[in-house]
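Letters A, B, ... are given to chains in the order of the sequence lines, protein chains preceding strands, and every chain is numbered from 1. All values derive from a computational prediction rather than experimental measurement.
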Amino acid sequence: MEDLLNGTSCLQHTDRKEGGVQTSQSSGVTVYDYCHIGHARAAVAFDVIVRYLRFSGYDVTYVRNYTDIDDKIIARSNEEGVHWKDLAEKFIEVHDVDMEALGIQRADMEPRATEHMEDIIRLVKSLEDKGYAYNVDGDVYFEVAKFKPYGKLSGRNPEDMRAGARVGVDERKKDPLDFALWKSSKEGEPWWDSPWGRGRPGWHIECSAMSGALLGQPLDIHGGGKDLIFPHHENEVAQSEAEADLDFAKYWIHNGFVNVDSEKMSKSLGNFFTIREVLERYRPEIIRFFLLSTHYRSPLDFSDQALEEARVRYERFMNLFSRVCRTETESRQMNESESESLQTVLEEMEPAFINAMDDDFNTAAALGHLFSTLGTLNGVLDGVEAVTGKVSGHWKAGVDGFFKSVGGILGFFENGLREGPAYFAVSTTGDDEGERKARALAEDRAEARKRKDWNRADELRDQIIEMGYSVQDTPQGPILIPVKQD
RNA sequence: GGCGCCAUCGCCAAGUGGUAAGGCAGAGGCCUGCAAAGCCUUUAUUCCCCGGUUCGAAUCCGGGUGGCGCCUCCA
């Protein structure tokens, strides 16, 4: 965990023992367009963090907000000739659908800026009353010079920033660094009544207002993408701490970017891929697996090759799951190899997994430990297949339980072993023409193999492959694996 | 210009003072009619370069080189 305020790098273990309520807030999205993989990374990272904190015994109240009124929304709605409210609604819906597809759990509270207008106005008013803000013709600005610690979160010096200030700053501001808390509305723009006339909130204030209203100060954890550190989170700190005279957040968590060819994926560069696009080509679990295969703070390069590798890695688990599922169980005590393997998994690999997660949510290392279960567990099946062909029900249940447990944290493997056959299921409908045909060919091939008619068998297999399936001959008979094609 | 991050096997990637996890790809073996899946073995005396601190550094410090980010909207 990153703590930019005082340089410590880990959540203190004492916090956990005290077991207090943990409040966590992540800056949500501004809803004016489709979410891309960068948004997905932030969402998955925080999803796993919250899941893990809960797993570890914290009582977490997780808030993720929507900024549903802002300049970009207004601009976009004008471009498209759609009412701003309808635009925001549409993209909230789109966001929710995409995130659900990725297995992101809902936050405990998902407030919208427009639902907290009174809180926002109250906060701005209070800042004005306390002398931290000034009103110029209905625009209210935060006076950065009045808040001495300004820059502490992002490690910036206000003097340096003034020296490098861009041209085109608003002449009416006392200082180029001052930022808008409230903006007066122009003709045709959405507005709310306020002590300064009709207007709307500035960008940063809604987060301060919503988190203050719903969680209070200080937040235990606040986070978002690295690009929010400045100015967004810096300004939230200024607003909230100036107003309440309390720390805004104890811990900050900022995730790294998703890159394309080593460059940040972003709207302005046009090098982004929307969640929807990627979901058309890869299953959500694979996207999650990909996103979690690098530590959340490091940059992560998005490419077909990287996604392909994630797929291959993920399928190693699916192969294991399927293999366990199709192996019959018998009710008996576990034999030596079964019980040893389960012991290794539960007493060595699971603790290793947890240690990695304890170390700043190191999912990359945690996933690494999961791979060592593969050899152990497949080895047991190798042994079983050579003898009775059946495993102990206890063993199967133990393996299932282990994966369900880690799956609850990672957001895949959640249903345990049965995800294997489900993953490779030839079709979901069952009456798929191609599937029936392929299955028939597979049966013919099994017959041919019995007759040791290898030429005929290989011919049939070629046909099946052409239909988009690979064949695995298992002790339980042939199975078809759909080969996903782009 | 200011501030900051990163550089580990062909590729991806853990590792923040104690002697280089894991995955992909590759090689060999086993299994298989052949495959697929799977198992076993194997692949960095070395962590961008140069100095320094230390008994000991990929890990700390200084200086380079290269890449990236924020400073304007951005997860």
Using a 4.0 Å heavy-atom cut-off across all strands, classify [X] as base, sugar-phosphate, or nothing.
| X | answer |
| --- | --- |
| A:Gly256 | base |
| A:Asp458 | base |
| A:Lys72 | sugar-phosphate |
| A:Arg451 | nothing |
| A:Arg461 | base |
| A:Asp227 | base |
| A:Asn259 | nothing |
| A:His36 | base |
| A:Phe46 | nothing |
| A:Gln305 | sugar-phosphate |
| A:Leu381 | nothing |
| A:Val29 | sugar-phosphate |
| A:Gly38 | base |

Subject >> Geometric cation-pi criterion, A:Lys226 with A:Phe257: 6.0 Å, 45° >> reply: no
Subject >> Protein-nucleotide distance (A:Arg76, atom CZ; B:C73, atom P), rounded to Å >> reply: 17 Å
Original post:
How long is the line joining CD of A:Gln472 and C1' of B:C31, in whole Å?
Top reply: 14 Å
**OP:** Would you indicate whether the side-chain heavy atoms of A:Ser392 and A:Thr329 approach each other to under 4.5 Å?
**Re:** no
Could you tell me which nucleotide pairs with [N] by Watson-Crick or G-U wobble geometry, both distances under 3.5 Å, or answer none if nothing does?
| N | result |
| --- | --- |
| B:C68 | B:G4 |
| B:C47 | none |
| B:A13 | none |
| B:C39 | B:G29 |
| B:U59 | none |

Salt bridge between [X] and [Y], side-chain N to carboxylate O under 4.0 Å?
| X | Y | answer |
| --- | --- | --- |
| A:Arg323 | A:Glu385 | yes |
| A:Arg311 | A:Glu308 | yes |
| A:Arg445 | A:Asp473 | yes |

Original post:
Taking the six-membered ring for Trp, are A:Tyr314 and A:Phe412 ring centroids under 6.0 Å apart?
Top reply: yes
Subject >> Sub-6.0 Å ring centroid separation between A:Tyr34 and A:Phe91 >> reply: yes
Proximal nucleotide (of [options]) relative to the [X] side chain:
| X | options | result |
| --- | --- | --- |
| A:Asp359 | B:G15, B:C11, B:A75 | B:G15 |
| A:Asp473 | B:A35, B:A13, B:G15 | B:A35 |
| A:Arg156 | B:G15, B:G22, B:C71 | B:C71 |

Phosphate OP1/OP2 of [N] contacted by [X] side-chain N/O (<4.0 Å):
| X | N | answer |
| --- | --- | --- |
| A:Lys264 | B:C70 | yes |
| A:Asn378 | B:C39 | yes |
| A:Arg316 | B:G22 | no |
| A:Asn362 | B:G15 | yes |

Original post:
Within the modelled atom types, does a donor on one side and an acceptor on the other bring the side chain of A:Arg313 and the base of B:C12 under 3.5 Å apart?
Top reply: no
Original post:
Taking for each residue the nucleotide of RNA chain B bearing the nearest heavy atom, is the 5' side occupied by A:Val471 or by A:Lys267?
Top reply: A:Val471
